[in-house]
Number of protein chains: 2
Amino acid sequence: MARAALSADAVVGIALQLLDEKGPDALTLSAVAGRAGVATPSLYKHVRNLAELRDLMSARIMNDIADQVGQAVLGHSADEAIRALMTAWRHYARHHPHRYAALLHRPEPRTAQAGQRLLDILFATLRAYGMTDSAAIHAVRCLRAVLHGFAALEAQGAFQLPEELDESYELLTHMVITGLHTPTGSPPPPA
Amino acid sequence: MARAALSADAVVGIALQLLDEKGPDALTLSAVAGRAGVATPSLYKHVRNLAELRDLMSARIMNDIADQVGQAVLGHSADEAIRALMTAWRHYARHHPHRYAALLHRPEPRTAQAGQRLLDILFATLRAYGMTDSAAIHAVRCLRAVLHGFAALEAQGAFQLPEELDESYELLTHMVITGLHTPTGSPPPPA
DNA sequence: CGCATCAAGCTAATGGCATTAGCTTCATGG
DNA sequence: CCATGAAGCTAATGCCATTAGCTTGATGCG
């Protein structure tokens with residue numbers, strides 16, 4: 001080995017810091033190199049190119065979310081687990097809006113692998129509702145849609161009237177939990 | 001006036017066509033100019049810069065969605081309107097994935113104005129459920145989260161097993177409709 | 001102890017892109 | 001018939017990502 005200096009992980013860390021502080025438009029290799037105290041081309045010793053750096057960032061973000069969500073559901077089950085999970089997910093997106101927006105959802109291997117950790121958590125949580133294979137898949141997709149939709153919109157500042165957002169999320173949580181208790185084929189109750 | 005040639009609207013149209021065909025990375029001013037049969041700097045006579053072009057594209061996309069969703073709910077009410085609305089929304093995202101991903105949700109005036117049209121449709125649809133001010137705001141936010149979450153994930157190819165996606169969306173629709181019928185404070189039913 | 005190796009850094013160069021400056025042209029209104 | 005101004009052009013600038021090829025210094029082996 002040569003000098004133990006920069007590493008791919010360190011470059012990703014610096015890039016994430018830059019993303020947090022200055023937003024996605026400021027994420028350039030020059031800026032990352034500047035913070036790393038290195039000339040721009042030196043970054044190519046650790047990362048194939050900007051696209052790969054973005055992939056690595058996305059994977060790290062997905063892993064962080066999996067860590068936090070996984071931590072949050074520990075010791076909870078069923079409705080309580082859903083609440084904990086939804087709270088933790090939103091919490092991440094609120095506190096790291098640029099990171100959340102930088103998530104890549106297309107089937108890129110690195111992020112997909114981290115995403116699988118998250119899926120495992122969702123499936124495990126739904127087990128408390130007695131959902132089997134196919135039903136669980138559909139339920140997990142609905143859960144993902146709800147989680148991602150609210151988080152993405154809030155992270156991008158798409159909601160106005162911020163003082164009532166907690167209430168809205170409470171309603172959404174309620175809707176999800178109710179949905180998980182309602183059999184698939186049941187008709188809607190009368191007004 | 002001078003020669004009636006290009007216009008801002010035409011530039012936006014060409015840009016959207018390019019986005020559809022070659023994806024977001026291919027959207028450059030050079031490429032747009034090439035299709036327009038014009039030198040790159042000439043575009044600046046119609047559009048302030050690339051950022052504004054993106055804003056205009058986003059506004060047009062939002063208006064198109066509002067048109068299609070608005071058309072879809074015509075003549076329907078309550079549950080049927082929700083179904084029509086959700087179907088139309090997903091339909092747009094499926095058929096124009098790059099456009100859907102290019103939507104800007106931050107409060108940019110042009111897109112926001114188009115978004116207001118869409119919000120009006122959602123509020124009008126919820127009126128059938130007897131929702132008043134605050135309740136309607138929270139319900140619309142939940143609806144937006146559900147719609148956008150599923151559409152964004154599907155448009156980005158985040159779901160596997162494409163053959164069952166219709167079923168998943170059916171479940172999501174069912175969950176939303178059930179949620180709209182369930183009073184806010186009601187406890188979840190027992191298993 | 002000395003040397004070959006090679007990872008990690010560097011400078012220089014290339015090409016694409018967005019953007020600006022300033023010139024040209026031509027349809028139109030008076 | 002001419003002045004105007006919108007819409008086009010070429011030329012130039014500067015930033016960025018990326019590649020090529022050189023330099024250096026720590027390390028492992030003889």
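Below, chains carry the letters A, B, ... as their sequence lines are ordered, and counting in each starts from 1.
- Of all the residues in residues 28-50 of chain A, A:T28, A:L29, A:S30, A:T40, A:P41, A:Y44, A:N49, A:L50 reach under 4.0 Å from DNA chain D with at least one non-hydrogen atom.
- Under the rule for a side-chain hydrogen bond (donor to acceptor under 3.5 Å, both in side chains), the partners of A:E167 that lie at least two apart in sequence or sit in another chain are B:H138.
- Using a 3.5 Å distance cut-off with no hydrogens or angles, the side chains of B:E170 and B:T173 do not pair a donor with an acceptor.
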- Task: Determine, step by step, whether A:L118 and A:W89 satisfy the side-chain contact (heavy atoms from CB on, under 4.5 Å) criterion, reporting the C-alpha distance in whole Å, the side-chain angles of both residues, the deciding distance to 0.1 Å, and the verdict.
- Result: CA-CA 11 Å; A:L118 214 27; A:W89 196 296; 3.8 Å; yes
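- If you take CG of A:D25 and C1' of D:dC16, they are 14 Å apart, rounded to a whole angstrom.
- Sorted by first and then second residue, the salt bridge (Lys or Arg N to Asp or Glu O under 4.0 Å) pairs involving residues 114-127 of chain A (not counting sequence neighbours) are A:D67-A:R117.
- For the residue pair A:D64 / A:H96, no side-chain donor-acceptor distance below 3.5 Å is found, with atom types taken as modelled.
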